**Q** 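The structure follows.
When a ligand or atom number is given, it counts from 1 through the structure's own listing order. These figures come from a predicted structure and were not determined experimentally.
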Amino acid sequence: MQIASVILDIPTQALEGAFTYLVPDDLEGAEVGCAVLVPFGHRMAIGYIVSLGQQGLRGLAEEKPGPERLKAISQVLSRPYFDNYGARCARFLSDRYIAPLNACMRLFTPPGGVPRLVQSGARWRVEEPDIGPVDDRWVRLGPSAAGFTPRKQAVKQQAILNALASGELRVAELSMELGPVTSVLNALAAKGVVEIEHRRRMRGVMAGGVEEAFSPSAKPRLTEGQERALWAINAAQDSGACNVVLVDGVTGSGKTEVYLQAIEKTLALGRNAIVLVPEISLTPQTVARFRGRFGDMVAVMHSRMSQGERFDQWDLIRDGAARVVVGARSALFSPLGDVGLIVIDEEHEGSYKQDSAPRYHARDVGYWMAHERDAVLVLGSATPSIEALERCGRLPNWQRVELPARVNGGPLPAIEVVDMAREFSGGHRSMFSRKLSDALFETLEAGRKAVLLLNQRGFASFLLCRDCGFVPECASCSTSLTFHDQGNTLVCHHCGHREPAPAACPECASPYLKKFGAGTQRVEAELVSLLEGREAKVVRMDADTTGKKGAHQRLLEEFVVPGPAVLLGTQMIAKGLDFDEVVLVGVINADTMLMLPDFRSGERTFDLIEQVAGRAGRAQHPGRVLVQTYSAEAVAIRSAAAYDRKAFLDEELPKRMMLKYPPYARLANVLAWGKDEAEVRQAAEALGKDLQQLVAGREQEGWSCLPAVPCVLSRLRGSYRYHIVLRSPADADISALLVPYFRQRKPHKAVSVAVDVDPYDLL
Ligand code: ADP
Ligand code: ZN
Ligand code: ZN
């Protein structure tokens, strides 16, 4: 008799979730990765098998009673969703990120496709997944068709035979032409006149879908830098051990071509590849570059696809039909066998960190996977993260390869800093400096295009009472509400709450409520009036205009129509756009992010400027970049404008070292939140005391724990938030110290607690 470790799929804050069950000898199909039905206490529960053996895998099971007291699995509910390797990965995620095992396991199950237990009173039943494969019925002429002549009045039969004379058709198409046909078809099928067949339909992915004709794109001759990068990756693949290659290439240096050829080699070795791309760069153009080389072998996974589409792609991957997965962060967990290469493009991007449990970072999980599978991890960026750079300098299996030149041989566009404080004191009050307006006019007159970036983080328009200073805030988040001209409404950008803008101050009844700051709509309005009388299309791209499926793509298509045009948008336009006619890039407010009280704000400002500058002058026309700022002297801005990473790091690294921030230390941000402020504070303070006990005696080695304090975003979506910041030495296992504590800690009934290990920000 076998014994199985099963992780129960029940909502819990507790970290442990694995229990031991007997596998009855007559139970068929019980394998690692299967969903199973098991007795749990006085009820039933659904879980996933994570290990099988005579004993159950040590470490995965809780303290086991003797086999005679074990309960048995009652039913196997699915084919395996994952293998031993997936089970180990979930365990790693749970330990590393101090997250419930079942939340980690969930990353490996098919999108929308797991069975659920539905209970009504004392009864329960297993409900099949909402999402599954869809079949089309196809019909064609059968063996008896030749000798068959319909009777005169059987008009529909004749029509069907006529339609099928030129080949098979989907039943759905037939009924569109002829009305209901099913009963007629069944009668004909019974006589062997037609044959009906069920065939799996793959729901389309992005524009065009999977059926799109595939014509392989030609391989260009590589530049010298590309050759070197590819050589390094190939050598790493040949060595068959976990190696990391950081492709440190300026924008337009052809990093994607390097990935493509590295994947080709991986496939030739019989292994498979995963490519991660930030969600917003995962455009049809990006996908087309991979499909153009590898055709139907490419599966795509991202959150803008419907669940049905994602399910079909997931299935293609599991069946081995897809061998290259291109996707957002979570594509790491797709059921791809024998992964030999993991590429993370734009590895510096904050979106690689998940902000709900498990709070994993794709770079770190990718490294674990590469290590586990003897695969190669390729990181690519024009602005590599400080973490990646530091590891390349320190660790023997991390290697950096530079691509210092653009493929087109052109120079990087010159970046000019425009000091807005000086503009303002000179009496110029517009949000477009004179320099930027002149450059815009010049660009448009030449029939070319410009991209304008509005740095929206911490910079949206709000209402302010000029008499009493009142600023309307969201009732459930501690942030000021953003004013939107459209519909004259106030919107909370954290929770989505909307309310009409008041005509007078709710505090003092003064009618002098003034709009401050500038959201994209305000900038758009000012831009339109600036360009009045000139020929130019203005396309705005932000969270409001790209909400609908496909909107992002449609706006870009509008922008690329030949002729003068301006694309105005938030951070989402900073990367991935590769349009020949863009010769001018303007950053309207480069410094707002710099004001955020966060240790990465300098790095993020530097990255943003370099990335957005990379949108200019990618083809034969030289590009120009103007960066408007009120902090013209800030090192992050000055060094970005000079493309001088060294100058930036020379200032940034000593600061990080002194203040003990990554990469010179590791952090864990322990968050506590709930509806009642007093309760949250109390729970957080108690937690803080416990954690201080944990690090007590280790201060000499570089451990510390700050007391609980309110977060910078002290209210969010109706909750009060407190946090505790723990520090460990850079090479310490910070999770290992915390896991035992959080495993035995009893969840608080009104205060939620989460640990963010290696947080991306501390807000
Ligand atoms: P990056 O990702 O480094 O910004 P891309 O991979 O997008 O750069 O490449 C920029 C452009 O150069 C793309 O249009 C790509 O097709 C083209 N390209 C890449 N490598 C070569 C090459 N060796 N020869 C000619 N064109 C190339
Ligand atoms: Zn007022
Ligand atoms: Zn809100």
Side-chain angles (χ1 to χ4, degrees), residues 215-234 245-265 273 275-294 298 324 326 328 341-349 351-352 378-385 388 400-413 415 449 451 453 556 560 572-583 585 607-623 625 640 643 645:
S215 52
S217 64
K219 271 197 284 181
R221 252 195 57 193
L222 296 184
T223 64
E224 202 192 309
Q226 286 174 319
E227 288 279 9
R228 259 185 294 122
L230 187 63
W231 190 88
I233 299 169
N234 287 345
V245 179
L246 171 62
V247 181
D248 179 2
V250 298
T251 52
S253 58
K255 295 185 284 295
T256 309
E257 185 61 38
V258 174
Y259 310 151
L260 288 169
Q261 300 203 17
I263 294 168
E264 196 180 312
K265 156 122 184 174
V275 183
L276 301 188
V277 180
E279 185 89 41
I280 51 175
S281 316
L282 206 49
T283 57
Q285 288 93 325
T286 309
V287 173
R289 290 179 75 177
F290 290 89
R291 285 245 160 87
R293 203 60 65 80
F294 306 113
V298 177
V324 179
V326 180
L341 180 72
I342 300 171
V343 177
I344 303 182
D345 190 29
E346 310 285 5
E347 64 86 26
H348 63 281
E349 264 281 303
S351 61
Y352 284 123
V378 172
L379 305 174
S381 179
T383 52
S385 61
R400 186 173 70 101
V401 186
E402 265 183 288
L403 270 60
R406 286 187 156 183
V407 171
N408 65 8
L412 289 167
I415 304 179
K449 297 183 195 296
V451 168
L453 174 86
L556 288 182
V560 296
M572 67 173 70
I573 63 171
K575 51 201 60 105
L577 303 185
D578 187 2
F579 300 127
D580 293 356
E581 295 297 315
V582 174
V583 295
V585 167
D607 290 355
L608 184 69
I609 293 173
E610 304 283 55
Q611 292 288 343
V612 75
R615 300 309 115 210
R618 289 173 76 92
Q620 56 279 57
H621 325 291
V625 181
Y643 294 101
R645 187 193 297 161

**Q** I'd like to know if Gly252 contacts ligand 1, where contact means a heavy-atom distance under 4.0 Å to any ligand atom.
**A**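 Under 4.0 Å: yes for Gly252.
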**Q** Would you please name every residue forming a side-chain hydrogen bond (donor to acceptor under 3.5 Å, both in side chains) with Thr223, sequence neighbours left out?
**A**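 Partners of Thr223 by the side-chain hydrogen bond (donor to acceptor under 3.5 Å, both in side chains) criterion, ordered by chain and then number, come out as Gln226.
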**Q** So, Arg293 and Glu257, do they make that salt bridge, N to O below 4.0 Å?
**A**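 Yes.
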**Q** Ligand 1 versus Asp345, non-hydrogen atoms closer than 4.0 Å: side chain, backbone, both, neither?
**A**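 No part of Asp345 is near ligand 1 at this cut-off.
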**Q** Would you tell me which option among Arg289, Arg406, Glu257, Gln611 has the nearest heavy-atom contact to atom 16 (O) of ligand 1?
**A**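 Of the listed residues, Arg289 has the closest heavy atom.
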**Q** Check salt bridge (Lys or Arg N to Asp or Glu O under 4.0 Å) between Glu227 and all other residues, then give those that pass, not counting sequence neighbours.
**A**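 Salt bridge (Lys or Arg N to Asp or Glu O under 4.0 Å) check on Glu227 returns nothing, list empty.
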**Q** So if I count the atoms of ligand 1 from 1 in the order they appear, which ones are less than 4.0 Å from some heavy atom of Val250?
**A**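 Within the 4.0 Å cut-off of Val250, ligand 1 contributes 3 (O).
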**Q** Below 3.5 angstrom, do we get any N/O pair linking Gly254 and ligand 1?
**A**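 Such a contact does occur with ligand 1.
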**Q** For ligand 1, which atoms, with element, lie under 4.0 Å from some heavy atom of Thr251?
**A**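 Near Thr251, meaning under 4.0 Å from one of its heavy atoms, ligand 1 has 4 (O).
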**Q** Measure Thr256 to ligand 1 on non-hydrogen atoms and call it side chain, backbone, both or neither using the 4.0 Å cut-off.
**A**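 Both backbone and side chain.
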**Q** Within a distance under 4.0 Å of any heavy atom of Arg221, pick out the atoms of ligand 1 and give their elements.
**A**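 Taking each heavy atom of Arg221 in turn, ligand 1 has 22 (C), 23 (N), 24 (N) under 4.0 Å.
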**Q** Can we say Asp248 and Arg645 salt-bridge, meaning some charged N sits less than 4.0 Å from an Asp/Glu carboxylate O?
**A**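 Salt bridge between Asp248 and Arg645, a charged N being under 4.0 Å from a carboxylate O: yes.
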**Q** State, to 0.1 Å, how close Ala616 and Val585 come at their nearest heavy-atom pair, and which atoms those are.
**A**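 Taking every non-hydrogen atom into account, CB-CG2, 3.6 Å.
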**Q** Return the minimal non-hydrogen interatomic distance between Glu346 and Pro278, and the atom names on each side.
**A**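 Minimum heavy-atom contact is CB-CG, 3.7 Å.
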